[in-house]
Amino acid sequence: AFHEIPIVTKKQFIAGISYLAGLANLVADIGLTRKRELEALADARATGETARALLNASQDITFLLDPSGQIITLNEKTAETLRISHPDVAKGKSIRDYIPADVASLRFEKLDSAVRTGRKVHFTDQNNGRTHDHTVYPIKDSQGTVNRVAIFARDVTKALQAEKNLRASEEKYRSLLNSIDAGVVVHAADTSILLANPSACKLLGLSEDQIMGKTAMDPYWKFVREDGSDMPLNEYPVYRVKAEGKPLYNFVLGVVSSSKKDVTWLLVNGFPELTKSGQVEKTVINFVDITKSKNAELALIDSEKRYKALH
């Protein structure tokens, strides 16, 4: 009998591995929304109501300045942030009247750069312990002269802290994966490999770079059943977990790779990561090498057969 794999709990693996396998960035992509806002700011034909509605729909600090920094318009979020009773109150005033002196220098430097070069400028700064992400868009008239500048700013303090926490979490789980003897492989929905730890690479005879992106049906390897016969694809652990949508425990198979002549025997567990709709989005497979135990068992079986043949 074989010892079962010392399984790291599903919660431990899935929570950490989801991030490692392609987690993402926390800073949202606001491309389409920002494009509409910018068009509203730049389009002199837009009605005041239309432009105002588009600007106020944004949770970004958004305002339009002339090249000298005089306020042309701003949205409600900006008025709230600058503690202005109404957006119209700030019209015609300099933005310098509303921003701290310690950040005004850098912000006007970026404003001047956008006006001078006619190119978008992106930067971050800090004020009162908060980090703000700024994008400055120059707006040109029909002669190609920058006559207005649209500025979008967002408080990214919480997002940066969350990203920092996620990176710490990533290091924690990567350290865990790298230190355990069990091989761990994460498959995407199409069975391509998103992540593999060092133990998995060693057991499968590939480097991390070589293994990434390979699918379960890759010709580099094939799986065999315990009786030595070729295993069909639908019996491969990742396909079973994907088809059944439930964990697979203590499944024995042999791996035959093009780099090794002998069969490597593995004891395998698999766990599905489901979407909200119940579809398998990723599959986590972990396995340990049981080749010595399996070969000893096969040798014993062969010895018993020979003994019975002689008697």
Side-chain angles (χ1 to χ4, degrees), residues 5-10 12-27 29 163-224 230-242 247-248 251-275 279-292 294:
I5 297 177
I7 301 169
V8 176
T9 66
K10 180 179 178 182
Q12 287 176 309
F13 265 115
I14 300 299
I17 289 172
S18 292
Y19 180 78
L20 295 175
L23 295 168
N25 277 323
L26 287 182
V27 178
D29 179 10
E163 185 176 7
K164 181 180 179 180
N165 293 341
L166 282 173
R167 286 176 180 171
S169 178
E170 176 189 9
E171 292 176 2
K172 170 186 173 183
Y173 283 104
R174 189 170 293 280
S175 177
L176 169 66
L177 289 175
N178 290 345
S179 64
I180 61 176
D181 290 333
V184 179
V185 174
V186 181
H187 293 271
D190 63 356
T191 79
S192 61
I193 294 176
L194 299 173
L195 179 148
N197 73 339
S199 292
C201 295
K202 181 180 179 181
L203 289 172
L204 297 175
L206 291 169
S207 68
E208 184 177 359
D209 289 339
Q210 290 173 324
I211 203 171
M212 295 299 288
K214 286 187 180 294
T215 63
M217 64 179 68
D218 194 281
Y220 177 84
W221 54 58
K222 70 173 181 177
F223 294 163
V224 296
D230 289 349
M231 181 178 291
L233 279 175
N234 67 326
E235 292 182 19
Y236 280 28
V238 64
Y239 285 108
R240 286 189 55 179
V241 173
K242 182 179 178 182
L248 174 69
F251 182 68
V252 177
L253 59 77
V255 179
V256 181
S257 68
S258 58
S259 66
K260 295 181 180 180
K261 294 182 179 180
D262 298 328
V263 178
T264 298
W265 291 100
L266 303 175
L267 187 62
V268 181
N269 293 286
F271 303 97
E273 182 181 347
L274 305 178
T275 63
Q279 300 299 310
V280 177
E281 184 177 34
K282 295 185 184 77
T283 302
V284 180
I285 303 293
N286 65 355
F287 45 90
V288 292
D289 187 351
I290 58 169
T291 303
K292 290 182 178 180
K294 185 63 177 176

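Everything numeric in this text was worked out from a predicted model, so none of it was measured. Index from 1, following the sequence.
Under the 4.5 Å side-chain criterion, counting only non-hydrogen atoms from C-beta, V184 is in contact with V284. Taking the side chain as every heavy atom from C-beta outward, P237 and L253 approach each other to under 4.5 Å. Two residues are said to be in side-chain contact when any heavy atoms from C-beta on lie closer than 4.5 Å; S199 and F287 fail this criterion. Considering only heavy atoms from C-beta on, V252 comes within 4.5 Å of I290 through its side chain. Side chains of L266 and V255 form a contact here, defined as non-hydrogen atoms less than 4.5 Å apart.
With sequence neighbours excluded, the residues satisfying side-chain contact (heavy atoms from CB on, under 4.5 Å) with D190 are A188, S192. Every residue two or more places apart in sequence or in another chain that forms a side-chain contact (heavy atoms from CB on, under 4.5 Å) with D230 is listed here: K222, V224. Under the side-chain contact (heavy atoms from CB on, under 4.5 Å) criterion, T191 pairs with H187, T215, A216, V238, Y239, sequence neighbours left out. Checked against side chain to side chain donor-acceptor pair (under 3.5 Å), E235 has the following partners two or more places apart in sequence or in another chain: R225. Among residues two or more places apart in sequence or in another chain, the salt bridge (charged side-chain N to carboxylate O under 4.0 Å, His left out) test is passed with K242 by none. With sequence neighbours left out, E281 forms a salt bridge (charged side-chain N to carboxylate O under 4.0 Å, His left out) with no residue at all. T291 pairs by the side-chain contact (heavy atoms from CB on, under 4.5 Å) definition with T264, W265, D289, N295, not counting sequence neighbours.
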